[in-house]
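Encoded as structure tokens, the structure appears first; notes follow it.
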Protein chains: 2
Amino acid sequence: MKENIPTKKKISLDDIARELGLSKSTVSRALSGKGRIGAETSARVHQYVKDMDYAPNLIARSLAQSKTYNLGVILPADSDLAEKPFFQVFLLGACEAAAANDYDVVVTVVVEKDISALKRLVHNKKVDGIILTRLLVHDLAATYLKKTGIPFLVVGSSSDDALVQIDTDHETACEKLTSLLISMGNRKTALIIGSDEHAVNVSRYRGYAMATEGSAEGLDRRIIFQNIGTKTAMDKSVEAAIREGADCILCGDDIICSQVLSKLNNMGLSIPDGIRVASFYDSAHLKYNNPPITALEIDVKELGVVAGQSLIDMISGKEIKKRTILNYQIALKRSTQ
Amino acid sequence: MKENIPTKKKISLDDIARELGLSKSTVSRALSGKGRIGAETSARVHQYVKDMDYAPNLIARSLAQSKTYNLGVILPADSDLAEKPFFQVFLLGACEAAAANDYDVVVTVVVEKDISALKRLVHNKKVDGIILTRLLVHDLAATYLKKTGIPFLVVGSSSDDALVQIDTDHETACEKLTSLLISMGNRKTALIIGSDEHAVNVSRYRGYAMATEGSAEGLDRRIIFQNIGTKTAMDKSVEAAIREGADCILCGDDIICSQVLSKLNNMGLSIPDGIRVASFYDSAHLKYNNPPITALEIDVKELGVVAGQSLIDMISGKEIKKRTILNYQIALKRSTQ
DNA sequence: TTGTATGCGTTATCAC
DNA sequence: GTGATAACGCATACAA
């Protein structure tokens, strides 16, 4: 009887073995390449597998090896972060690295004070390692993961040597940008920045402080606005900065910057004539603004790729650097000229 | 309440059974609740499990049941979409629905013409069902998934009855918004919209066309700009719209809108006095603009929740509606007054 | 109600 | 080089 109908039936190692007159283990070795295997046998198996479009059952492999070939990426769901493109672009990068290594990415969401979803993920052993995409100064997730012993890394900088870190050097970058702006003639450079519970904002603040402390005018607390989260707070900060005679406003990130721009526009201040503006983080939010905004440019997707690859290396038992620093660029635009 | 020290030893059904003088299957039934089980036995098992912090091996369960308890969410990585907050917020919603049902979310990335990552995901059987977060007019991914037989649904609207769809009724929404603007006195309402390869843009265009065709002025092709993707093209479109005497510009989405706003600002046109502006999609990009922008408001996170829950229902064999339509709101703001 | 036996599809450890 | 066979941990049809 001729069978022209392609059989949809899932085919297993057993089937292949039977069909080829071999044993399961031989077929397994032929496919994995591990252990000794005859050249001709291996060729036959590979040919058959290709012809029949054999799909190994990864679940079974997982069970046998106690490995999931999944990476966990933890995203913050706090409302102020939910729309930040950083996390999405990072995720794309991580997916790219994962796919290149035949891993997949499992996404889990946490909020600052509730990491139950993360605990569930670990408890269920659904991933071989975890990436924390944002680091808090007091980070529940990082603290928890350290105790579990599961391989993980954080995107961000910390003085905790127990953490494997991948980050841009925000502190140095912000210091350089701030210094540059001061050297360009801005005497009173204000800072409007988000929550100092976020490690990245602490780094940014430090960079800004280093630069201003070294300047002629020195650091002026009256034009520093930290923990700014709401539109109202930003508006007030801008007003206060102007009142104090700021000639330049540095924004902690892209979201803050676009709201500052809106407020300045509202106040009838033109950029760069009325006031200069720059941002410590770039994104599409700012890219097409008129005038273009001076900002730190970070290759976030690359950050995701590097983080994903590094985590896979950790899982594979390779030694990796405790701290990986990626490059940035200072893009001077018309907003500060 | 004392913190019990996490026991490192992995404990299995066998261990519990031995410890309690029961059999594996009894313990299994006690935990799953399936089949008959004595009340007292069940209580004993549950108590023991709680005390010992037992974590069932989900991989083993997957193998036994041929179920992964994973949802696949397919994200587009095309550069023009990579930073759109829609996908990120949707993903958060999907994760929420998944977590509520003890599922996890596996994210995979595709581009328009390359769905190899999706194929790998399906081939590897890493998920029980799939959500396509954007629908193209000629959608490779949807076509492929139909052939595989795996449960899946699309976020978007299609005339293909074979697709399970979840969407906002963009067509009606855009028609209503356009009609409203016309009725408010805008005689020449221009449209600047993205690729008509995206199903959503086709719907939006149809809504716009329906409304303008029914108006006094009728539909004017000279103020319709489709397939606009680059900043340059947007600038040119805005210029052309103004040249043709447009008194209002409708933007296909938030990204287009923010760039249109930038261009208008550049041209010295004030809103709403010089020209009116509205957008077919809202986001944080627009939320804090000054003046506030009239736009369609969609609860994207809720869309993600509904999509996730619906997919789980499909997987569970429940009958679900072929087409689920979610609500929207027309938010009239100062930009069109 | 509970226990026994078997299957899920691999990988790994041995002999041969 | 190759082939039985035992894990891996759970679910389930069937027997008791």
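In the text below, chain A, chain B and the rest are named by the order of the sequence lines, each starting its count at 1.
Taking atom CZ of residue A/Arg18 and atom P of nucleotide D/dG3, one finds them 14 Å apart after rounding to whole Å. What separates NZ of A/Lys125 from P of D/dC8 is a distance of 14 Å, to the nearest Å. Taking atom CG on B/Asp14 and atom C1' on C/dG3, their separation rounds to 13 Å, with Å as the unit. The nearest whole Å value for the distance from the CD1 atom in A/Ile11 to the P atom in C/dC8 is 15 Å. Distance CD1 (B/Ile16) to C1' (D/dC10): 11 Å, rounded to an integer number of Å. Rounded to whole angstrom, the span from the OH atom of B/Tyr69 across to the P atom of D/dC10 amounts to 14 Å. Note: CG (A/Leu13) to C1' (D/dA4) measures 15 Å, nearest angstrom. Atom NZ in B/Lys126 sits roughly 17 Å away from atom P in C/dG9 (whole-Å rounding).
Screening residues 25-55 of chain A for ring pair (Phe, Tyr, Trp, His ring centres under 6.0 Å), with sequence neighbours left out, gives no hits. Contacts classified as ring pair (Phe, Tyr, Trp, His ring centres under 6.0 Å) and involving residues 103-139 of chain A (residues at least two apart or in different chains) are given here: A/Tyr69-A/Tyr103. Every pair passing salt bridge (charged side-chain N to carboxylate O under 4.0 Å, His left out) that includes a residue from residues 70-79 of chain A is listed here, sequence neighbours excluded: A/Asp78-A/Arg134.
By the salt bridge (charged side-chain N to carboxylate O under 4.0 Å, His left out) test, B/Asp139 is found to be paired with no residue, residues two or more places apart in sequence or in another chain being considered. The side chain to side chain contact (heavy atoms under 4.5 Å, CB included) search around A/Ser23 returns A/Ser25, A/Thr26, not counting sequence neighbours. The side chain to side chain contact (heavy atoms under 4.5 Å, CB included) search around B/Leu326 returns B/Ile166, B/Glu302, B/Leu303, B/Val306, B/Thr324, not counting sequence neighbours. Applying the side chain to side chain contact (heavy atoms under 4.5 Å, CB included) test to B/Asp160 and every residue at least two apart in sequence or in another chain returns B/Lys146, B/Ser158, B/Ala162, B/Leu163. For the side-chain hydrogen bond (donor to acceptor under 3.5 Å, both in side chains) test, residues two or more places apart in sequence or in another chain that qualify with B/Asp104 are A/Arg120, A/Lys126.
A heavy-atom distance below 4.0 Å to DNA chain D is reached by these residues of residues 54-66 of chain B, ordered by number: B/Tyr54, B/Pro56, B/Asn57, B/Ala60, B/Arg61, B/Ala64, B/Gln65. Within residues 25-42 of chain A, the residues approached by DNA chain C to less than 4.0 Å at the level of any non-hydrogen atom are A/Ser25, A/Ser28, A/Lys34, in residue-number order.
Formation of a donor-acceptor pair under 3.5 Å by the A/Asn124 side chain with backbone atoms of A/Leu121 is not found in this model. Judged by distance alone, with hydrogens and angles left aside, the side-chain atoms of B/Thr108 form no donor-acceptor pair with the main-chain N or O of B/Leu118 at under 3.5 Å.
B/Lys24 contributes no side-chain N or O that forms a donor-acceptor pair with the base of C/dT4 under 3.5 Å.
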List the atom pairs, donor and acceptor, that lie under 3.5 Å between side-chain atoms in residues 91-100 of chain A and the rest of the protein, sequence neighbours left out.
residue : atom : partner  : partner atom : Å
A/Glu96 : OE1  : A/Lys301 : NZ           : 3.0

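Rounded to 10 degrees, the angle separating the terminal axes of the helix from C/dT1-D/dA16 to C/dC16-D/dG1 is 40°, with each axis obtained from five end pairs.
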